[in-house]
Amino acid sequence: MSLDPILERLNAAQRAAVTAPLGPVLVLAGAGSGKTRVLTHRIAWLIQAEGVSPHAILAVTFTNKAAGEMRARVESLLGMPPGVLWIGTFHGIAHRLLRRHWHEAGLVESFQIIDSEDQQRLIKKLIKAQQLDETRWVPREVQWFINSNKDEGRRSKHLKAGNDPIRAQMIRLYALYEDACARSGVVDFGELLLRAFEVWRDQPALLEHYRQRFRHVLVDEFQDTNTIQYAWLKLLAGADGCPFVVGDDDQSVYRFRGARVENLQQFGRDFPAVKLFRLEQNYRSTGAILAAANGLIANNAGRLGKTLWTSGEQGEPIRLYAAFNERDEAEFVCQRIRDHVAHGGLHRDVAVLYRSNAQSRVFEEIFLAARMPYRVYGGLRFFERAEIKDALAYLRLIANRRDDASFERVVNLPTRGIGAKSLETIRAAARDAACPLWAAARACLGDALGPKASEALRGFLELIERLADEVKGLALHEQVDRMLTVSGLIEFHKRDKADRGEARVENLEELVSAARGFNADALETDLPPLEAFLAHVTLESGEGQADAWEDCVQMMTLHTAKGLEFPIVFLCGMEDGLFPHQRSIGDLDGLEEERRLCYVGMTRAMKQLYLTYAEQRRLHGIDSYSQPSRFIKEAPEELIEEIRPRLQVSRPVASGRFAREPSHEAVPVRRALSASRSLRSEPPPMPGMRLGARVRHGKFGEGVILNLEGSGPQARVQVNFERQGTKWLVMQYANLEPL
DNA sequence: ATGATGATATTTTTT
DNA sequence: ATATCATCAT
């Protein structure tokens, strides 16, 4: 058999990793170095050269998209569908295991998965039921407490409160939440992982079976694994498995959701026989872009060490644009994209990247006005829309009468006269009897509830029963369709005034299509189609793949951009406080993560990279002034070319780069004459009194100048004092001392 | 049961 | 500025 097709397109380092002898392997793969390629080729190599059965291979990713891509690439490499080979997300695979071994895992056979919104609702309910003050016990925080403990493999019974009453209450809520989930037969995302881990840990025979079966585990984006995912992998690999993990410590940007870069080092300790490979040749970016990214990331301590290089061209310098404000920033980007398109480029070559979603707004406004086609990634996904979740709640209730969250969601939707008071009665009854709401509701009929409420409730219960009965044996999409009509959901939204209602009806119809296109076999379980569909829908909340191929400017957060590449990248909002984000600045780990995020952003660019920042930005309704991001200064100065010649005035930092001669690049007339420019070219009222400068006040202490008005001694100045907050002062009397 | 009012918070996100 | 959410009045 010829192995050429597998190896011929690999460089030496990639080839070494792909053909590594069986055993633990760690591949440190820099951005754009062919990480996924190595992973997929390794799979092909195992099958074709090592004679490993596809049956024995498990490939794990974090997102459905990555899993899909990997499957497609393996298929094209092998020239056939990889068949029994398991490729999936951590959650998807855990789910599959739990479906097979629901009994051993201590679950009910028909367990359903809830997403984080459902989870939060449930927690909120628990807090209310405990009569706790919601301002002190914030559902989001309790949710975070529960999830992060699950991520670390800790159940409520493992936690000690010590002398901390707040913690004690948290633990209590965690325990209550566990009970509630068990009673409702639902499982959250973290639970999938934790259960899958526990079922192996506690059932040696089962574990042994899977160890024998999956001798070859491959993991993508290993730096994003959390504690429980890693523990699960370690269990599976055992002492003599062959885990093959690929990751990049410099691209670890999910610490906030439990990812632990340390797992990379830990891997080496846990598998002493590990073979380490580094992929440092980058095939994506120009020399200048790589050098800038390398220079930046070199500021992080404790890296595993890796320097990207390219044999390609140095390319154009990185361009830096200092905008007056966020509109100017967006207009600049817009203009540059126009130029690109005017020269025959495509809109979709261009990505506008930013730190936080809110920043997309201004760009959207400007692009809209300029008739520039764009697409914003992120935001609500299909299956997360309220009307879809309502419909799913009906389906869940049909599938599982014990699902309290779904019961609450739709018992009075469309409104049928079951108000808060009736619901409270039902809840109380459920609490007393320790039974699901459904059963409690039955018991309350005509007894605890008045005749009117009873009638309404009976209507609801019968509706569900009737639906469940009627829908049996129908094709999945007919079940969905029937439910939508009989429940009155469609009618309900049709009555809603035009705009929103119409879109919702369309979405509901889209749900029917989704059901029609759903292939239940994919899960490889004997689950009835409806249950399989519900599980699928929660686990894959639906990428907005619709118009992905239209020729649009791509807009997304830096996090979303990870794993993607674009010929032209604009990294926008490069301001201290925005990026790095204010909340990360104080803390070294946080700052380093922001830096990695910047590194990720820069290395998305293939040909051209722009960095932009706004000196003035309207944020949360107030204007604020900021320093250019420290990350700008961390990239080698000689690689960066400033686009706009700066005036001496509004330059917050007098560092070498910002003080140097204006570049010779033409300044658009419109911009040179813009109003904000002329306002800003007023001379500072006093030496050292400029925007962003630090000053000391006799009474208020130290602060930063936010705004200047007028000139001479009558000038007024706005200062943000560290202690006293923001104040307007008259220069003449303020006696400010420049620092 | 719907709509007005006011308080509050506002990184990043997958599953 | 704005979005979300709770509470209250209608």
Is the phosphate of [N] approached by [X] (side-chain N or O, under 4.0 Å from OP1 or OP2)?
| X | N | value |
| --- | --- | --- |
| A/Arg381 | B/dT14 | yes |
| A/Asn64 | B/dT15 | yes |
| A/Asn412 | B/dA1 | yes |
| A/Lys65 | B/dT13 | no |
| A/Asn357 | B/dT11 | no |

Between [N] ([atom2]) and [X] ([atom1]): distance, integer Å:
| X | N | atom1 | atom2 | answer |
| --- | --- | --- | --- | --- |
| A/Lys124 | C/dA6 | NZ | C1' | 8 Å |
| A/Arg327 | C/dA1 | CZ | P | 14 Å |
| A/Glu141 | B/dA9 | CD | C1' | 12 Å |
| A/Ile127 | C/dA6 | CD1 | P | 11 Å |
| A/Gln359 | C/dA1 | CD | P | 19 Å |
| A/Glu326 | C/dT2 | CD | P | 12 Å |
| A/Arg617 | C/dA1 | CZ | P | 17 Å |
| A/His536 | B/dT15 | NE2 | C1' | 13 Å |

Give me the distance, rounded to whole Å, that separates B/dT14 from C/dA3 when you measure between the C1' atoms they each carry.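 Pairwise C1' distance, B/dT14 against C/dA3, rounds to 23 Å.
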Please classify the nucleic acid contact of [X] as base, sugar-phosphate, or nothing, using heavy-atom distances under 4.0 Å.
| X | value |
| --- | --- |
| A/Asp224 | nothing |
| A/Phe90 | nothing |
| A/Arg596 | nothing |
| A/Lys562 | nothing |
| A/Asn226 | nothing |

Compare the minimum distances between each of [options] and the side chain of [X], then state the nucleotide with the smallest one.
| X | options | answer |
| --- | --- | --- |
| A/Arg361 | C/dA3, C/dA1, B/dT15 | C/dA3 |
| A/Phe189 | B/dT15, B/dT14, B/dT12 | B/dT15 |
| A/His620 | C/dA3, B/dT15, B/dT10 | B/dT10 |
| A/Arg583 | B/dT14, B/dT13, B/dT10 | B/dT10 |
| A/Thr89 | B/dT12, B/dT15, C/dA3 | B/dT15 |
| A/Arg355 | B/dT15, B/dA1, B/dT12 | B/dT12 |

Tell me whether the ring of A/His91 lies stacked over the B/dT15 base, given a 5.5 Å limit on centroids and a 30° limit on the plane angle.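 The base of B/dT15 is not stacked with A/His91 (the test needs centres under 5.5 Å and planes under 30°).
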Within the stacking criterion (centroid distance below 5.5 Å, interplanar angle below 30°), does A/Phe256 stack on B/dT12?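 Whether judged by distance or by angle, A/Phe256 passes, so it stacks on the base of B/dT12.
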Look at atom CZ of A/Arg201 and say whether more than 12 heavy atoms of other residues, nucleotides or ligands are closer to it than 6.0 Å.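 Correct, the count exceeds 12.
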Taking atom CZ of A/Arg71 as the centre, does the number of heavy atoms from other residues, nucleotides or ligands within less than 6.0 Å exceed 12?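 More than 12 within 6.0 Å, yes.
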Please report the shortest heavy-atom distance between A/Phe631 and A/Leu591, naming the atom on each side.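 The answer is CZ-O, 4.1 Å.
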Side-chain donor or acceptor of A/Thr557 under 3.5 Å from a matching atom on the base of B/dT11? no
If you assign A/Gly417 and A/His581 each to the DNA chain B nucleotide with the nearest heavy atom, which residue ends up on the more 5' nucleotide? A/Gly417
5'-most by nearest nucleotide on DNA chain B - A/Thr560 or A/Phe492: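 Nearest-nucleotide comparison on DNA chain B picks A/Phe492.
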Does a salt bridge link A/Asp589 with A/Arg255, judged by any charged N lying under 4.0 Å from a carboxylate O?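 Salt bridge between A/Asp589 and A/Arg255, a charged N being under 4.0 Å from a carboxylate O: yes.
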So, do A/Val553 and A/Val333 sit near enough that their side-chain heavy atoms are less than 4.5 Å apart?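 When only atoms from C-beta onward are counted, A/Val333 and A/Val553 do not touch, as no gap falls below 4.5 Å.
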Does a donor on one side chain and an acceptor on the other come within less than 3.5 Å for A/Arg396 and A/Thr538? yes
Is there a donor in the side chain of A/Gln223 and an acceptor in the side chain of A/Glu221, or the other way round, less than 3.5 Å apart?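 Yes, side-chain donor-acceptor contact under 3.5 Å.
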